[in-house]
Amino acid sequence: MESVRPLVSVVDDDVSVRESLPALIQSFGLDSIAFASAEEFLASGALATTSCLLLDVVMTGMSGPDLQCELLRRNSPVPVVFITANHDENLRSRLLAKGASDCLFKPFFEDALEKAVLRALAERSG
């Protein structure tokens, strides 16, 4: 029987992020799919198969923190790793206090992303 690789959904309104991160995540041995907005992600039905959500903080329409609140409202167990260009430690602290697994500041190193995603996946399974 073939094992199913965890799916990391990337939600970011920056096209360069959506084009680059899925390939990087796949190099970690994980599956990945990208969405241009929180609304697109929610409408896709991918939440049901997503093992980890890599989520931009500031986006057009629903923000990353707004999507996190919606997932909490739905009792979704999907761990969230935020990514943001806003180097604000207070923002990072607030996101972590609301249950985010991690918050990385752009630009980040590949190994930092891999560690954050793998830690989030371990939190979900354990």
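All values derive from a computational prediction rather than experimental measurement.
- Residue Val17 is not grouped with residue Val57 when hydrophobic side chains (ILVMFWY) are merged at heavy-atom distances under 4.5 angstrom, including chains of intermediate members.
- Rounded to the nearest 0.5 angstrom, Lys98 NZ and Cys103 SG are separated by 13.0 Å.
- Side-chain contact between Phe41 and Leu53 is present, with at least one heavy-atom pair separated by less than 4.5 Å.
- Between Phe28 and Leu113 there is a side-chain heavy-atom pair separated by less than 4.5 Å.
- Side-chain atoms of Val78 and Leu47, non-hydrogen and from C-beta on, do get closer than 4.5 Å to each other.
- Residues Leu21 and Leu118 share a hydrophobic cluster, clusters being chains of Ile/Leu/Val/Met/Phe/Trp/Tyr side chains in contact below 4.5 Å.
- One distance of note links CG of Leu55 with OG of Ser101; it measures 12.5 Å at 0.5 Å rounding.
- Proximity of a side-chain donor or acceptor of Asp102 to a complementary backbone N or O of Val81 within less than 3.5 Å is not detected.
- Enclosure of atom NZ in Lys106 by more than 12 non-hydrogen atoms of other residues, nucleotides or ligands within 6.0 angstrom is indicated.
- A donor atom on one side chain and an acceptor atom on the other are not found under 3.5 Å apart for Asn86 and Thr84.
- For the pair Ile83 and Asp56, the tightest heavy-atom approach, listed with the atom from each and the gap, is O-OD1, 3.0 Å.
- Of all the heavy atoms in Asp12 and Asp14, the pair that sits closest is OD1-N, 2.8 Å.
- Linking Ile, Leu, Val, Met, Phe, Trp and Tyr whenever their side-chain heavy atoms come within less than 4.5 Å puts Val117 and Leu104 in one cluster.
- The minimum heavy-atom distance linking Ala46 with Ser9 is given by the pair CB-OG, 4.4 Å.
- Between Ile33 and Val10, every side-chain heavy-atom pair lies at or beyond the 4.5 Å cut-off.
- Atom CD of Glu110 is surrounded by 12 or fewer heavy atoms from other residues, nucleotides or ligands within 6.0 Å.
- Using a 4.5 Å heavy-atom threshold, the side chains of Pro65 and Leu95 count as touching.
- Of the options Pro6, Cys52, Ser51, Pro22, a side chain to side chain contact (heavy atoms under 4.5 Å, CB included) to Leu30 is made by Pro6 and by none of the others.
- Gln68 places a side-chain heavy atom less than 4.5 Å from the side chain of Phe82.
- Clustering ILVMFWY residues whenever any of their side-chain heavy atoms sit less than 4.5 angstrom apart, transitively, puts Leu67 in the very cluster that holds Val58.
- Here CZ of Arg73 is found 10.0 Å from CG of Leu71. Values are rounded to the nearest 0.5 Å.
- Sorted by first and then second residue, the side chain to side chain donor-acceptor pair (under 3.5 Å) pairs involving residues 17-32 (not counting sequence neighbours) are Arg5-Asp31.
- Using cut-offs of 30° and 60° for the angle between ring planes, the Phe105 and His87 rings count as parallel.
- When every heavy atom of Glu70 is checked against every heavy atom of Leu42, the shortest pair comes out as CG-CD1, 4.2 Å.
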Test salt bridge (Lys or Arg N to Asp or Glu O under 4.0 Å) on Glu123 and Arg119 and set out the steps.
-> CA-CA 6 Å; Glu123 287 173 9; Arg119 190 169 43 248; 5.0 Å; no
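- Under the 4.5 Å side-chain heavy-atom criterion for Ile, Leu, Val, Met, Phe, Trp and Tyr, Val80 and Met59 are members of the same hydrophobic cluster.
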